[in-house]
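Heads up: the structure comes next, in structure tokens.
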Amino acid sequence: QVQLVESGGGSVQAGGSLTLSCGASGLAFSFHAMGWFRQAPGKDREFVAAIDRSGIRTNYANSVKGRFAISRDNAKNTVYLQTNSLEPGDTAVYYCAAAGRFATGINEYVIWGQGTQVTVSS
């Protein structure tokens, strides 16, 4: 069974940090690009960050550039999202997803996790 499971969400004050993790099972992890998306209440799901199969290329939404960092460990079948200098506007459910190629478009991602909540208070 193909599965992505996120963890590491929580509640923090503005300026704080969280490290989100996403473990994969049942798929050839190193053959997939990985991405993080988020969805705030009443808003569409939006792209946050992506990383290619090897972990060399990354891409970020302008809103998180310089504050978030995506990385992966293919030996552990895990992708990470380090979130720093968190702002109330970062409050959302964060999802990891797998794609057949390095991409930012939500429609490129075919396997999704269940999400982890990040809440940032001012």
Going through the checks in order, is the side chain to side chain contact (heavy atoms under 4.5 Å, CB included) test met by Phe68 and Val48? CA-CA 9 Å; Phe68 290 12; Val48 175; 3.8 Å; yes
Derivation of the side-chain hydrogen bond (donor to acceptor under 3.5 Å, both in side chains) call for Asn59 and Arg57: CA-CA 7 Å; Asn59 200 338; Arg57 286 187 297 168; over 6 Å; no
Heavy atoms from other residues, nucleotides or ligands near NZ of Lys43 exceed 12 (cutoff 6.0 Å):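 No - once you tally the heavy atoms of other residues, nucleotides and ligands closer than 6.0 Å, there are 12 at most.
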Side chain to side chain contact (heavy atoms under 4.5 Å, CB included) between Arg38 and Asp90: does it pass, once the steps are laid out? CA-CA 9 Å; Arg38 67 186 182 186; Asp90 295 318; 2.9 Å; yes
For the pair [X] (side chain) and [Y] (backbone), establish whether a donor and an acceptor sit closer than 3.5 Å, ignoring hydrogens and angles.
X	Y	result
Thr83	Leu18	yes
Glu6	Cys96	yes
Thr78	Lys76	yes
Thr91	Thr119	no
Arg67	Ser63	yes

Output all residues satisfying side chain to side chain contact (heavy atoms under 4.5 Å, CB included) with Ser54, sequence neighbours left out; order by chain, then residue number.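 Counting only residues at least two positions away or on another chain, Ser54 forms a side chain to side chain contact (heavy atoms under 4.5 Å, CB included) with Asp52, Ile56.
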For Arg45, which residues count as a side chain to side chain contact (heavy atoms under 4.5 Å, CB included) partner, sequence neighbours excluded?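 So Arg45 forms a side chain to side chain contact (heavy atoms under 4.5 Å, CB included) with Phe37, Gln39, Tyr95, Ile106, Trp112.
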Single-linkage hydrophobic cluster, 4.5 Å side-chain cutoff, [X] and [Y] together:
X	Y	result
Tyr109	Val93	yes
Ile70	Phe102	no
Leu20	Leu86	yes

Step by step, would you call Gln114 with Val5 a side chain to side chain contact (heavy atoms under 4.5 Å, CB included)? CA-CA 7 Å; Gln114 83 291 346; Val5 179; 4.3 Å; yes
Heavy-atom pair of closest approach, residues [X] and [Y]:
X	Y	value
Ser17	Ser85	OG-N, 4.3 Å
Ala50	Ala103	CB-O, 3.4 Å
Ser122	Ala14	CA-CB, 4.3 Å
Ala92	Ala40	CB-N, 3.8 Å
Asn74	Asn77	O-OD1, 3.1 Å
Ile51	Ser71	CD1-CA, 3.6 Å

Could you walk me through whether Thr19 and Gln82 satisfy the side-chain hydrogen bond (donor to acceptor under 3.5 Å, both in side chains) test, starting with their C-alpha distance in whole Å, then the side-chain angles of each, then the deciding distance to 0.1 Å, before giving a yes or no? CA-CA 5 Å; Thr19 302; Gln82 177 65 44; 2.5 Å; yes
Just list the side-chain donor-acceptor pairs under 3.5 Å for residues 21-36, sequence neighbours left out, or say none.
from, atom 1, to, atom 2, distance (Å)
His32, ND1, Ala28, O, 2.9
Trp36, NE1, Tyr80, O, 3.4

